[in-house]
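This report concerns only the one structure given below.
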Amino acid sequence: MAKDASDFELELLKQLRQDAYNLKQCFTQYTFHSLAFSAAVIGLALRFYDELQYAGLVGIPLTLLFLTVATIGTHKYTGANRIAGYELHLQRVARYPAEGCAGWHPLMRTLGWEECLRAWRVFQATTFEFIYGDGDLRKIDPKEALRSRIRRKVIRLVKFWEVEQQNAKLYRRNGTLLPLINPKKDEWWFSTRSHLKEGMKYYPGSYLQTLLNMIYLASSLSMIFTFVACYKLLQLDDPTVGYISTAGSIVFSYWAVARFTHTYARRKVLEEGLLSVNSCAVLWQVIACAHFWALSDLANRSKGKFVSYQNYSETIGMKAIEFCEQIDTLYTWYQSVPINRIAALVPPPVANDA
């Protein structure tokens, strides 16, 4: 007999939990391996420092290594939170009425992981860009919004850390991480702390913060080692190399601080912003609704019968932009989901005996 949906779901969740665990363990291993490697390199630099005075400049490539590891770490935890959010989403919708409710229909439970992930890669990216990005997607044509990924990526390299640094300052001052789109709004469904009342506390965990703090400390020590080396180069008979090394180290340090600020801000978004587990769970439900809504729109173009996924990316992108228009009224958006039209789209699959 073929497995029923719940068996497949449990098996999928088991695999996804293992994937999330592997993502976190991978970052842990990268962190400690990079720390061990840097200690060995610094030791060799000290050993040959008298013979090779430029050895002290190894702090720069080591800091680059730490920057890479920190960036990888935030991306690993982004994936882990996405998976944990998916499990939380399934646990929540399991408690909904059998006949469905606003923003949910049992048919949506049949949505497979890979199909839902395909929608996620368009919908979540568009939503994230709308909240924390540089542009206002409401003023962009849907096709342009989907095709401008490279352009927006370049903008983010310059702007993202500045935006998140502003959010980090707001967090330190107000205890709330505010998005870019409406700095006067003090309560968002994707900002956990903004829903807490006086006397309430929220603890997102400190493991990621601890690992990143270790990386920040190691990077600082590496750059101190480099500046000490620059100082000694300035004491040479010809200090030209020392001046060049010092100027280069100062510029690099400024850039490194900016990148670490970006990582710090992204960690805050991972803990209590759009990338947190709870926000991912909410967004998974939104994406399930948007996916079937997009399919129903495609079916309407084919005389009420769904026949292909042609133009699906554009359609799901339009749903994402429409959602962004109402991002501060989540439950109003749920009310607008055409549940009856979705329910009539296609019957759920039936498991037959082998």
Side-chain angles (χ1 to χ4, degrees), residues 1-37 65-66 68-96 104 106-125 127-128 190 192 202-215 263 266-292 316 348-349 351 354:
M1 179 179 292
K3 291 183 177 180
D4 59 29
S6 61
D7 289 335
F8 280 115
E9 194 172 275
L10 290 174
E11 188 174 331
L12 172 64
L13 288 177
K14 180 180 179 181
Q15 180 61 47
L16 290 177
R17 286 194 196 104
Q18 185 62 43
D19 290 345
Y21 174 80
N22 290 340
L23 287 170
K24 294 181 179 181
Q25 282 297 107
C26 182
F27 177 47
T28 300
Q29 293 174 4
Y30 283 174
T31 299
F32 286 102
H33 288 170
S34 63
L35 292 173
F37 175 76
L65 172 64
F66 291 130
T68 303
V69 172
T71 302
I72 290 174
T74 56
H75 285 289
K76 293 288 185 182
Y77 269 77
T78 299
N81 283 7
R82 180 179 62 206
I83 292 173
Y86 185 74
E87 180 177 358
L88 179 58
H89 154 67
L90 293 179
Q91 292 170 349
R92 286 176 173 176
V93 298
R95 300 182 181 275
Y96 286 171
W104 186 255
L107 172 63
M108 299 176 185
R109 189 90 182 195
T110 65
L111 180 58
W113 165 255
E114 289 297 337
E115 190 174 16
C116 196
L117 188 61
R118 171 66 183 87
W120 171 279
R121 297 193 184 282
V122 176
F123 200 101
Q124 192 271 352
T127 305
F128 186 91
F190 51 82
T192 303
Y202 172 68
Y203 180 67
S206 60
Y207 187 71
L208 176 61
Q209 179 181 1
T210 300
L211 291 180
L212 289 177
N213 285 342
M214 293 171 62
I215 291 176
T263 304
R266 191 173 183 88
R267 176 180 66 81
K268 303 305 298 184
V269 177
L270 278 167
E271 291 176 348
E272 54 200 74
L274 187 68
L275 301 180
S276 66
V277 174
N278 178 69
S279 297
C280 286
V282 174
L283 204 55
W284 276 119
Q285 180 178 342
V286 170
I287 289 173
C289 294
H291 168 76
F292 282 97
I316 193 68

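Annotation for Phe292 and Leu111: closest pair CE1-CB, 3.9 Å, computed over non-hydrogen atoms. Here the closest non-hydrogen pair linking Gly79 and Leu23 is C-CD1, 3.7 Å.
By the neighbour-count criterion of 12 heavy atoms within 6.0 Å, atom OH of Tyr21 is sparsely surrounded, having that number or fewer from other residues, nucleotides or ligands.
At a threshold of 4.5 Å between non-hydrogen side-chain atoms, the residues Ile287 and Arg121 do not count as touching. Looking at heavy atoms from C-beta onward, Ile215 lies out of side-chain contact with Thr263 at the 4.5 angstrom threshold. Between Phe128 and Leu275, some side-chain heavy-atom pair lies under the 4.5 Å cut-off. The side-chain heavy atoms of Gln18 and Lys14, taken from C-beta on, include no pair separated by under 4.5 Å. The shortest distance between side-chain heavy atoms of Phe27 and Leu212 falls below 4.5 Å. Looking at heavy atoms from C-beta onward, Arg109 lies in side-chain contact with Leu90 at the 4.5 angstrom threshold.
Within the model, atoms CD1 of Ile83 and CD of Gln15 stand 9.0 Å from one another, a figure rounded to the nearest 0.5 Å. Note that CG of Asn213 is 9.5 Å distant from CG of Leu208, once rounded to the nearest 0.5 Å. Taken to the nearest 0.5 Å, the NE2 atom of His89 stands 4.0 Å off from the CH2 atom of Trp104. Distance check, rounded to the nearest 0.5 Å: CD of Gln124 to OG1 of Thr78 gives 8.5 Å. Between Thr31 atom OG1 and Phe66 atom CZ the span is 9.5 Å, to the nearest 0.5 Å. From Cys26, atom SG reaches atom CG of Asp19 across 12.0 Å, with rounding to the nearest 0.5 Å.
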Donor-acceptor contacts, no H, no angles, side chain residues 279-286, under 3.5 Å, sequence neighbours left out:
from, atom 1, to, atom 2, distance (Å)
Ser279, OG, Phe190, O, 3.3
Ser279, OG, Gly273, O, 2.9
Ser279, OG, Ser276, OG, 3.1
Trp284, NE1, Arg82, O, 2.9
Gln285, OE1, Tyr96, OH, 3.1
Gln285, NE2, Gly103, O, 3.2

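A search for side-chain contact (heavy atoms from CB on, under 4.5 Å) contacts involving Leu12 returns Leu16, Tyr86, Trp113, not counting sequence neighbours. Remark: Tyr207 engages Thr28, Tyr77, Leu211 in a side-chain contact (heavy atoms from CB on, under 4.5 Å) (not counting sequence neighbours).
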Practice prompt. List the steps, then state whether side chain to side chain contact (heavy atoms under 4.5 Å, CB included) holds for Thr71 with His75.
Written response: CA-CA 6 Å; Thr71 302; His75 285 289; 3.6 Å; yes
Fill in: Pair His291-Met108, side chain to side chain contact (heavy atoms under 4.5 Å, CB included): steps then yes or no
CA-CA 9 Å; His291 168 76; Met108 299 176 185; over 6 Å; no
Discussion item. Walk me through whether Trp120 and Thr127 qualify under side chain to side chain contact (heavy atoms under 4.5 Å, CB included).
Written reply: CA-CA 10 Å; Trp120 171 279; Thr127 305; over 6 Å; no
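Using a cutoff of 4.0 Å between basic side-chain nitrogens and carboxylate oxygens, Arg267 and Glu271 are scored as salt-bridged.
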